[in-house]
**Student:** 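Got a structure for you, written out below as structure tokens; questions coming shortly.
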Amino acid sequence: MPKQRLTIAHSIAQRLYAAEEALDLAAARIAELNAALPLARLDGRLAASIGQDAFRTSADAIVLVAKTRDKIVTTHDMLKQVSDDIGLGPQAYGDVFKVAENRQSVTDIHRLAA
């Protein structure tokens, strides 16, 4: 049974890390878009109102990705607890180095975006 649980946990961990990576890539690509939009307007010598709706919705998208990423990080923490609860103990599935628990809350991120 422990070997089966370990195999299942490894499968879940792989999917979790894939989701985390996908969110980080999405955040990076949206950030690139958000940086390019105002620069394109400046390069084109266009009025600030041109493309404002697109700029706003793209900025909204990065906030949504940040909220989603926070939920996945919370899921990661919860799955770690499940792993402990079923007796798997510490496992090294992903990154060797962990980031300090000094994460900025989604509320703070949302407030900054407002």
**Student:** Given the rule in the side chain to side chain donor-acceptor pair (under 3.5 Å) test, do Asp77 and Gln81 qualify, once you have shown the distances and angles that lead to the verdict?
**Tutor:** CA-CA 7 Å; Asp77 294 341; Gln81 183 60 52; over 6 Å; no

**Student:** Taking all atoms of both residues into account, what is the closest heavy-atom pair of Ile62 and Ala31, and its distance?
**Tutor:** CD1-N, 4.1 Å

**Student:** For the side chain of Arg41 and the backbone of Leu46, is there at least one donor-acceptor N/O pair under 3.5 Å apart?
**Tutor:** yes

**Student:** Test Ile30 against every option in Val65, Val63, Leu25 by the side chain to side chain contact (heavy atoms under 4.5 Å, CB included) rule and name the one that passes.
**Tutor:** Val65

**Student:** If you measure from CG on Asp70 to OG1 on Thr75, what distance do you get to the nearest 0.5 Å?
**Tutor:** 9.5 Å

**Student:** Please determine whether residues Ile12 and Ile72 belong to a single hydrophobic cluster, defined as Ile, Leu, Val, Met, Phe, Trp and Tyr linked transitively by side-chain heavy-atom distances below 4.5 Å.
**Tutor:**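 Yes: a chain of side-chain contacts under 4.5 Å links Ile12 to Ile72.
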
**Student:** Just verifying a value: how many Å separate His10 NE2 and Arg15 CZ, rounded to the nearest 0.5 Å?
**Tutor:** 10.0 Å

**Student:** With a 3.5 Å distance limit and no angle check, can you tell me whether Thr7 reaches the backbone of Lys3 through a side-chain donor-acceptor pair?
**Tutor:**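 Yes, because the side chain of Thr7 sits within donor-acceptor range (under 3.5 Å) of the backbone of Lys3.
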
**Student:** Consider only side-chain heavy atoms of I, L, V, M, F, W and Y, link residues closer than 4.5 Å, and tell whether Phe55 and Leu33 are in one cluster.
**Tutor:** yes

**Student:** For residues Leu37 and Ala54, report the shortest heavy-atom separation together with the two atoms involved.
**Tutor:** CD1-O, 4.2 Å

**Student:** A quick test of your reading: do over 12 heavy atoms of other residues, nucleotides or ligands sit less than 6.0 Å from CD of Gln52?
**Tutor:** yes

**Student:** With the 4.5 Å side-chain cut-off for hydrophobic clustering, are Val73 and Val82 part of the same group?
**Tutor:**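 Cluster IDs for Val73 and Val82 differ.
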
**Student:** Once rounded to the nearest 0.5 Å, what's the spacing between atom CZ of Arg29 and atom CG of Asp24?
**Tutor:**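 The CG atom of Asp24 is 11.0 Å from CZ of Arg29, to the nearest 0.5 Å.
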
**Student:** Using the test side chain to side chain contact (heavy atoms under 4.5 Å, CB included), find all partners of Leu64 that sit at least two apart in sequence or belong to another chain.
**Tutor:**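 Expected list: none.
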
**Student:** Nearest 0.5 Å, please: how far is NE2 in His76 from CZ in Arg69?
**Tutor:** 11.5 Å

**Student:** Can you check salt bridge (charged side-chain N to carboxylate O under 4.0 Å, His left out) on Asp53 and Arg56, steps first, answer last?
**Tutor:** CA-CA 5 Å; Asp53 289 341; Arg56 181 183 38 78; 3.4 Å; yes

**Student:** How far does OG of Ser11 sit from CG of Leu6, to the nearest 0.5 angstrom?
**Tutor:**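 Output value for this atom pair is 11.5 Å.
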
**Student:** Working to the nearest 0.5 angstrom, can you tell me the gap between Ser58 OG and Glu32 CD?
**Tutor:**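 Output value for this atom pair is 11.0 Å.
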
